Amino acid sequence: MKSDYLKVSTKVSEAVEQKLPVVAIDTAGIFLGLKDDPIFAELLGADASKNEPDYALILENIEKMVVQNGAVPASMAIIDGKINVGLNREKRNHLAKNRDTLKRITRRDIPVALAMGQDGVLTISATMMAATMVGIQVVVGLGLGGVSEKHDENLDVSVDLIEMIKNNLVVVTSGVNPGVDPAKSMEYLETRGVPVIGFRSDGFNTGWREEKRHPVQVRIDEPTDIAAIHAVKRSLDIESSMLVINSVAEDTKAECFDASTGGDKMIEIISDNATLGAWIAGAISMDLDPNIRSKNTKTFSRKKEEKSMSFEVWLFAVKGFAQNFDVAQLIFNNLPESEKERLRQEYEETVS
């Protein structure tokens, strides 16, 4: 059974069960994104290792960004023969400490890593696969694999694209990785029925190529509209995921691999993607009905419930009171009455 190979944290499992906003995070892009790829190495230069950032802290800060925007983070890695969905500080530090021996796990590699007891961080394809198993609908990462620039020679197509066809998720990235042909990758997705959407942008930039800007099929300016498109796709049982590109400024992506910054630009970009992923996950959790739309106000109505988060979950996910919902409520109960009232008012303003 799939559950035999999954270890889902209490936070994530309770959030999924209650249909709260959850965001799956591509950990390979964080822990190994600056390593092992020859094109990345060329961008980094000879002194790449001198200013390596604290990867566990990067992931922790990205998770905090997700929480601050109202969602529950679900970082994923394979540790001790199980896909761990939701990583605590001990597990994040374990990955950082053993970074030199970590495997970069794609969809193809999951059975091998689980059977052989290897530790590894998950690429977008593997993250999508695990997210589908658990019931998470939004995945975020730095960049997407695609059709190789040398496809005519090596026939290389990233499994990220294959997984985009198999699952019905929303995937948020800043574009495609180095070594990937953006135009061929977008054409590959379009031919196979995968919507490619620019969030508040008509295209995306690739700072490592001469043709720096590449058009997207559709521009969407509101996360609720992305959630509505996703709802329609799922209602119609249309297979394939949706790629949402959160484009960055021209030449920024080349800067993000500058080792002298200690990965600061990369952190900024992934954090922006995590924020957008949290917004989209929040909109999805509202259970928006795409059939109920006001032509005048262009707003969506929620089904059944007016609020997207219970107070206990808000204390846990947004305010970070504790490691589980019950403890968060217990801490709240022991606060002074004036503080309780202040928090309840803040909660009402947050979810109203």
Side-chain angles (χ1 to χ4, degrees), residues 24-44 75-78 102-113 120-132 138-198 204-209 211 214 216-217 240-248 253-254 256-257 266 269-270 273-274 277:
I25 300 171
D26 157 27
T27 52
I30 296 169
F31 285 92
L32 300 180
L34 303 179
K35 178 185 174 186
D36 296 338
D37 188 301
I39 296 180
F40 280 56
E42 182 180 347
L43 290 167
L44 282 165
S75 301
M76 302 183 186
I78 293 181
L102 287 178
K103 301 292 183 182
R104 188 190 301 269
I105 306 297
T106 68
R107 184 185 200 278
R108 173 201 64 195
D109 305 315
I110 287 178
V112 176
V121 282
L122 275 55
T123 64
I124 283 183
S125 68
T127 304
M128 292 178 71
M129 184 177 176
T132 300
V138 179
V139 173
V140 300
L142 176 61
L144 187 76
V147 178
S148 169
E149 290 180 326
K150 298 181 180 179
H151 180 264
D152 293 343
E153 302 172 15
N154 56 27
L155 302 179
D156 182 15
V157 177
S158 169
V159 71
D160 286 354
L161 299 189
I162 307 299
E163 201 64 25
M164 291 289 297
I165 301 167
K166 290 178 176 291
N167 289 310
N168 197 340
L169 306 172
V170 178
V171 179
V172 180
T173 77
S174 297
V176 294
N177 292 328
V180 168
D181 186 306
K184 289 180 180 178
S185 300
M186 296 304 102
E187 181 63 31
Y188 184 98
L189 292 175
E190 181 179 358
T191 301
R192 287 153 182 83
V194 177
V196 179
I197 291 173
F204 65 98
N205 301 303
T206 49
W208 47 82
R209 292 178 59 91
E211 324 88 75
H214 303 271
V216 295
Q217 299 158 6
S240 85
S241 293
M242 178 166 53
L243 176 61
V244 177
I245 294 183
N246 189 32
S247 189
V248 296
K253 289 188 73 177
C256 84
F257 304 112
M266 182 186 75
I269 292 173
I270 298 179
N273 293 346

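Small disclaimer: the values here were computed from a predicted structure and weren't measured. Only heavy atoms go into these numbers, but all of them, side chains included; no hydrogens, no water, no symmetry mates.
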request  = Take Arg104 and Leu32, measure what side-chain contact (heavy atoms from CB on, under 4.5 Å) needs, and give me the verdict at the end.
outcome  = CA-CA 7 Å; Arg104 188 190 301 269; Leu32 300 180; 3.6 Å; yes
ask   = Are Val196 and Ile245 side-chain neighbours, meaning at least one heavy-atom pair lies under 4.5 Å?
value = yes
Sub-4.5 Å side-chain heavy-atom contact between Ile30 and Val121 = no
ask   = Any side-chain heavy-atom pair from Val194 and Met164 closer than 4.5 angstrom?
value = yes
ask   = Say you draw a straight line from CD1 of Ile25 to OG1 of Thr127; how long is it, rounded to the nearest 0.5 Å?
value = 9.5 Å
message = Using 0.5 Å steps for rounding, measure from the OG1 atom of Thr132 to the NZ atom of Lys166.
response = 11.5 Å
note = So OG of Ser247 and NE2 of His214: to nearest 0.5 Å the spacing works out to 10.0 Å
request  = Could you check if a side-chain atom of Ile165 sits within less than 4.5 angstrom of a side-chain atom of Tyr188, using non-hydrogen atoms only?
outcome  = yes
task = Evaluate the side-chain proximity of Phe204 to Val176: yes if any heavy-atom separation is below 4.5 Å, no if none is.
result = yes
query = For the residue pair Pro195 and Ser241, what are the closest heavy atoms and their distance?
reply = CD-O, 3.3 Å
key: Student check: side-chain heavy atoms of Met186 and Val216 closer than 4.5 Å   = no
inquiry  = Do Ile124 and Glu163 make a side-chain contact, defined as non-hydrogen atoms from C-beta onward lying under 4.5 Å apart?
reply    = no
key: N/O donor-acceptor pair under 3.5 Å between Asn273 side chain and Gly141 backbone   = yes
ask   = When rounded to the nearest 0.5 angstrom, what distance separates OG1 in Thr173 from CG in Asn246?
value = 8.5 Å
ask   = Stepwise, does the side-chain contact (heavy atoms from CB on, under 4.5 Å) test hold for Ser125 with Ile162?
value = CA-CA 8 Å; Ser125 68; Ile162 307 299; over 6 Å; no
ask   = Which heavy atom in Ser240 sits nearest to a heavy atom in Gly193, and how many Å separate them?
value = OG-O, 3.1 Å
note = From the list Asp109, Val139, Thr106, Ile78, side chain to side chain contact (heavy atoms under 4.5 Å, CB included) with Leu122 holds only for Ile78
inquiry  = As a quick check of understanding, evaluate side-chain contact (heavy atoms from CB on, under 4.5 Å) for Leu189 and Leu161, giving each step before the final call.
reply    = CA-CA 7 Å; Leu189 292 175; Leu161 299 189; 3.7 Å; yes
query = Taking Ser174 for the side chain and Gly143 for the main chain, is one N or O donor matched with an acceptor at less than 3.5 Å?
reply = no
query = Counting distance only, does the side-chain N/O of Thr123 pair as donor-acceptor with the main-chain N or O of Ala28 below 3.5 Å?
reply = no
